[in-house]
Enquirer: 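Starting off with a structure, shown below.
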Amino acid sequence: MWEPPRALMTEAVPTLLRRLERGWRRASSPALEPHTPRAPLPEFLPRTLFSDLQVPDVAVRLPAYGRGEPRTELMPIAQALREFSPGRVSRRFGVSTGGQRHWIAPGDGDRVSVDDFCPAGDRLDLGYSHYVEPDGQEREIPVFRPFAIDVDQTPLDVQQSSNSFPEWRSEIIPTAVGHEIDLPHGSVWQSVLLAMWVHTHQLGLPVELRRFSMGATASVGRGRQPQTVYSLRFVYATEVGEQPAAVGFAADVDGIQVKFAYPERLHELCMGDGRLVRGLRTARFRDLIRDSPALDGISNTFQRDWLSQTYLSTVTAEALRTELDLESAEGAVNRKTSRTTIKEVLETILQWNGSDLNDTDDQDLPRRLQELADLLDLPATRDALHQAAHVLWSPIDENWEVWLRARFKSTLAACRTNTESKT
């Protein structure tokens, strides 16, 4: 009745009373609050029994198609922002005919206006959220929570394989100091974990999680032309012109706050485990390709993962086939003198045998295979792969420390441990 989450007397009932008294009008203007028919309290009660609680929805407004009428579909907000990231072609709601496809157009430049697909009356200003740039600098950006978005029918000349990946950021805001818990004595984690705090609704100490997208990397193809990669940023109109913006949402969630200490000289500790070293080398190679500035505007995240996997597989296969070390095998692959070719490995990975005609558009190779083959023929791509490949055999030294710390933190955040009682 009185305690969060979704306390009846202090949250649900006052919200319902205000909406009934004001006819769903905003407190600051005569405009209506964003609302959904037959769902008077979407923040507290789901529209169906099997829906998730406290997962905000977005109304996706679809244009008329053929003789049909415009219609509106509901989606969870995070899923909607992924499904309709600018430049991505979606057939999620194309249930009537195969030609019914929707998207948010990426435009011709590097900016996408939030006003074009989510007008001011269909969004809530969440204020400024903070995030950290890769160089360690803290930035802030206004975030809008969309209640409805407008999507368009995809032009016929846009390839179905056109895709887009949102650039996500997160901010965690504690409501108060969490409840500190005692760490077990004698644990192997005692040298790493310094303190732990629990933030839960039950204790009245939830944290506010803000998840927002500042833009996207889109790969759009038209007709039979190669796909074009766009690095997009969201903007919105202000009195002084267009300003950067983000779209996302905020939710109260439970969490555990952990204070930890990095082990000293991580690179030396890692060198003592041969299996760990091999795993770290390939992981860093993939990360270098994924974050390579030389590939900006050339390939998207999906293609970069395929490039790193293909090149790594080619070098490994050449080393096994010729009994060379990795450095010599990579040199042969880079000079195109290897017995194992990148095209051969690429066709093997994608399992194409020459008789597979799906998605070919009457070309000799499937479109996805042709795209990757074209990328691998570019001097900039081959040079980026060659430069990154040095981590596969170079010593792990102090230059790895920053990357190893980031890897250690992400591993610690994702790990689950099973403890056994000792008597």
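This is a predicted model, so every value here is computed, not measured.
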Enquirer: With a 3.5 Å distance limit and no angle check, can you tell me whether R61 reaches the backbone of I149 through a side-chain donor-acceptor pair?
Expert: no
Enquirer: Report yes if some heavy atom in the side chain of Q243 is under 4.5 Å from a heavy atom in the side chain of V235; otherwise report no.
Expert: no
Enquirer: Would you name the heavy atoms of A195 and E180 that are closest together and state the gap between them?
Expert: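 Residues A195 and E180, closest heavy atoms: CB-OE2, 4.0 Å.
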Enquirer: Any side-chain heavy atom of R222 sitting closer than 4.5 Å to one from Q159?
Expert: no
Enquirer: Would you check if V220 and V158 make a side-chain contact, meaning some heavy-atom pair closer than 4.5 Å?
Expert: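 They are in side-chain contact.
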Enquirer: Examine distances only and state if a side-chain atom of R281 and a backbone atom of V391 form a donor-acceptor pair shorter than 3.5 Å.
Expert: yes
Enquirer: Checking the side chain of Q303 only, and the main-chain atoms of N300 only, is there a donor and an acceptor separated by less than 3.5 Å?
Expert: yes
Enquirer: Under 6.0 Å between ring centres, would you say that holds for F234 and Y236?
Expert: no
Enquirer: What is the minimum heavy-atom distance between I349 and S313, and which atoms define it?
Expert: CD1-OG, 4.0 Å
Enquirer: Within a strict 4.5 Å, meaning less than it, do heavy atoms of the F285 and Y311 side chains meet?
Expert: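 Heavy-atom side-chain distance check passes, below 4.5 Å.
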Enquirer: Flag the pair R71 and E69 as a salt bridge only when some basic side-chain nitrogen lies within less than 4.0 angstrom of an acidic carboxylate oxygen.
Expert: no
Enquirer: Is the Lys NZ or Arg CZ of R169 less than 6.0 Å from the centre of F212's six-membered ring, within 45° of the axis?
Expert: no
Enquirer: For G221, is there any backbone N or O sitting under 3.5 Å from a side-chain donor or acceptor partner on S162?
Expert: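 Confirmed, S162 side chain pairs with G221 backbone.
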Enquirer: So, the side chain of T238 versus the backbone of G241: is there a donor-acceptor pair under 3.5 Å, distance only?
Expert: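 Yes; judged by distance alone, with no hydrogens or angles, the pair exists.
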Enquirer: H390 vs W393 aromatic rings, parallel, tilted or perpendicular, using cut-offs 30° and 60°?
Expert: tilted
Enquirer: Does R284 pair with D287 as a salt bridge, N-O distance under 4.0 Å?
Expert: no
Enquirer: For the pair D254 (side chain) and H201 (backbone), establish whether a donor and an acceptor sit closer than 3.5 Å, ignoring hydrogens and angles.
Expert: yes
Enquirer: Return each pair, listed once, that meets salt bridge (charged side-chain N to carboxylate O under 4.0 Å, His left out) where at least one residue sits in residues 390-404; pairs must be two or more places apart or across chains.
Expert: R265-E398
Enquirer: Short question: side chain of Q190, backbone of G186 - any donor-acceptor pair under 3.5 Å?
Expert: yes
Enquirer: Just wondering, do Q137 and V132 contact through their side chains at under 4.5 Å, heavy atoms?
Expert: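 A side-chain contact is absent here, since even the closest heavy-atom pair is not under 4.5 Å.
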Enquirer: Checking S308 side chain against D305 main chain: does a donor-acceptor pair fall under 3.5 Å?
Expert: yes
Enquirer: With side chains defined as the heavy atoms from C-beta onward, is the minimum distance between R286 and L312 less than 4.5 Å?
Expert: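 Yes - at least one pair of side-chain heavy atoms lies under 4.5 Å apart.
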Enquirer: So, R304 side chain and L295 main chain: donor-acceptor pair closer than 3.5 Å or not?
Expert: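 Here the side-chain-to-backbone pair exists.
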Enquirer: Report yes if the side chains of S231 and D110 come closer than 4.5 Å at any heavy-atom pair, otherwise no.
Expert: no
Enquirer: Determine the minimum heavy-atom distance between A80 and V58, stating which atoms define it.
Expert: CB-CB, 4.3 Å
Enquirer: Looking at every heavy atom in both P166 and S213, which two are closest together, and how far apart are they?
Expert: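 The answer is CB-OG, 3.6 Å.
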Enquirer: Between atom CZ of F249 and atom CZ of R211, what is the distance when rounded to the nearest 0.5 Å?
Expert: 7.5 Å
Enquirer: Quick one, F302 and N163 - any side-chain contact, counting heavy atoms below 4.5 Å?
Expert: no
Enquirer: What class does the angle between the rings of F93 and F84 fall in, given that below 30° is parallel, 30 to 60° is tilted and above 60° is perpendicular?
Expert: parallel
